[in-house]
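This report concerns only the one structure given below.
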Amino acid sequence: MPVLGTNAQRMSARHWRRAFALWLAIAVTESLHGIARALWLLPVVGPLRAHQIGVAIACALIFAVAWAGIRWLGTQGLAQHLRVGLFWVVLMLGFELALGFSQGIAFANIAAEYDPRQGGLMAFGMLFLLVSPALAAKTRGLR
């Protein structure tokens, strides 16, 4: 088994640019999903149920983008796929914080979305985001 950081495990600048492009596709998809959820699902089922359903749909959308782009991404092996997933998580956390702060949402309210004890499910969504490149590669039959 290769040691992390060997030439076989290093990711090129091209990989990182493509990982960023796929994350951008995820962010746009998730933003549109959030708008649709607020417009159509929230009024029908209420905030808690809309949030619960929304996390499940978000995971499906994340997986769809990862599955569609994993061959193009060109990464190989679990270590590289997890690096991409971690990169996506860091970018998404930054995006979520910036979006929340720009809308005047207090940090405590943003943090509550990540705390399952307070009904927040975003931590599960971020965990899924972390492993989605590896899952996509596995289902596509890649190493």
Straight-line distance of [X] [atom1] to [Y] [atom2], nearest 0.5 Å:
X    : Y    : atom1 : atom2 : result
M92  : W23  : CE    : CH2   : 6.0 Å
L78  : R83  : CG    : CZ    : 10.0 Å
L129 : L91  : CG    : CG    : 9.0 Å
L130 : F128 : CG    : CZ    : 11.0 Å
L121 : L127 : CG    : CG    : 12.5 Å
S31  : I26  : OG    : CD1   : 11.5 Å

- prompt: When you look at R49 and Q52, which way does the side chain to side chain donor-acceptor pair (under 3.5 Å) test go after all the steps?
  reply: CA-CA 5 Å; R49 183 65 70 195; Q52 292 168 336; 3.0 Å; yes

- request: Name the orientation class of the two ring planes belonging to F107 and F101 (parallel below 30°, tilted from 30 to 60°, perpendicular beyond 60°).
  value: tilted

task: Please work out whether the ring planes of F20 and F87 are parallel, tilted or perpendicular, with thresholds of 30° and 60°.
output: tilted

Closest heavy-atom pair and its distance - [X], [Y]:
X    : Y    : result
A19  : L73  : N-CD1, 3.4 Å
T139 : A136 : OG1-O, 3.0 Å
H81  : I70  : CD2-CD1, 3.9 Å
P133 : V84  : CG-CG1, 3.9 Å
V65  : A25  : CG1-CB, 4.0 Å
G125 : C59  : CA-SG, 4.3 Å

Any link between [X] and [Y] through a network of hydrophobic side chains (Ile, Leu, Val, Met, Phe, Trp, Tyr) touching at under 4.5 Å?
X    : Y    : result
F95  : W88  : yes
L22  : M11  : yes
L99  : I110 : yes
I35  : I53  : no
M126 : F124 : no

message: Could you go through R71 and L142, starting from their C-alpha distance and side-chain angles, then the distance that decides it, and tell me whether this counts as side-chain contact (heavy atoms from CB on, under 4.5 Å)?
response: CA-CA 8 Å; R71 288 187 193 277; L142 303 175; 3.3 Å; yes

Any side-chain heavy-atom pair of [X] and [Y] under 4.5 Å:
X    : Y   : value
M122 : E96 : yes
V28  : L32 : yes
E30  : I62 : yes
V89  : L93 : yes

message: Tell me whether the count of non-hydrogen atoms from other residues, nucleotides or ligands lying under 6.0 Å of CH2 in W16 goes above 12.
response: yes

query: Under 3.5 Å, side chain of R37 to main-chain N/O of I57, donor-acceptor pair present?
result: no

query: Does H51 use its side chain to pair, donor to acceptor, with the backbone of G120 at less than 3.5 Å?
result: no

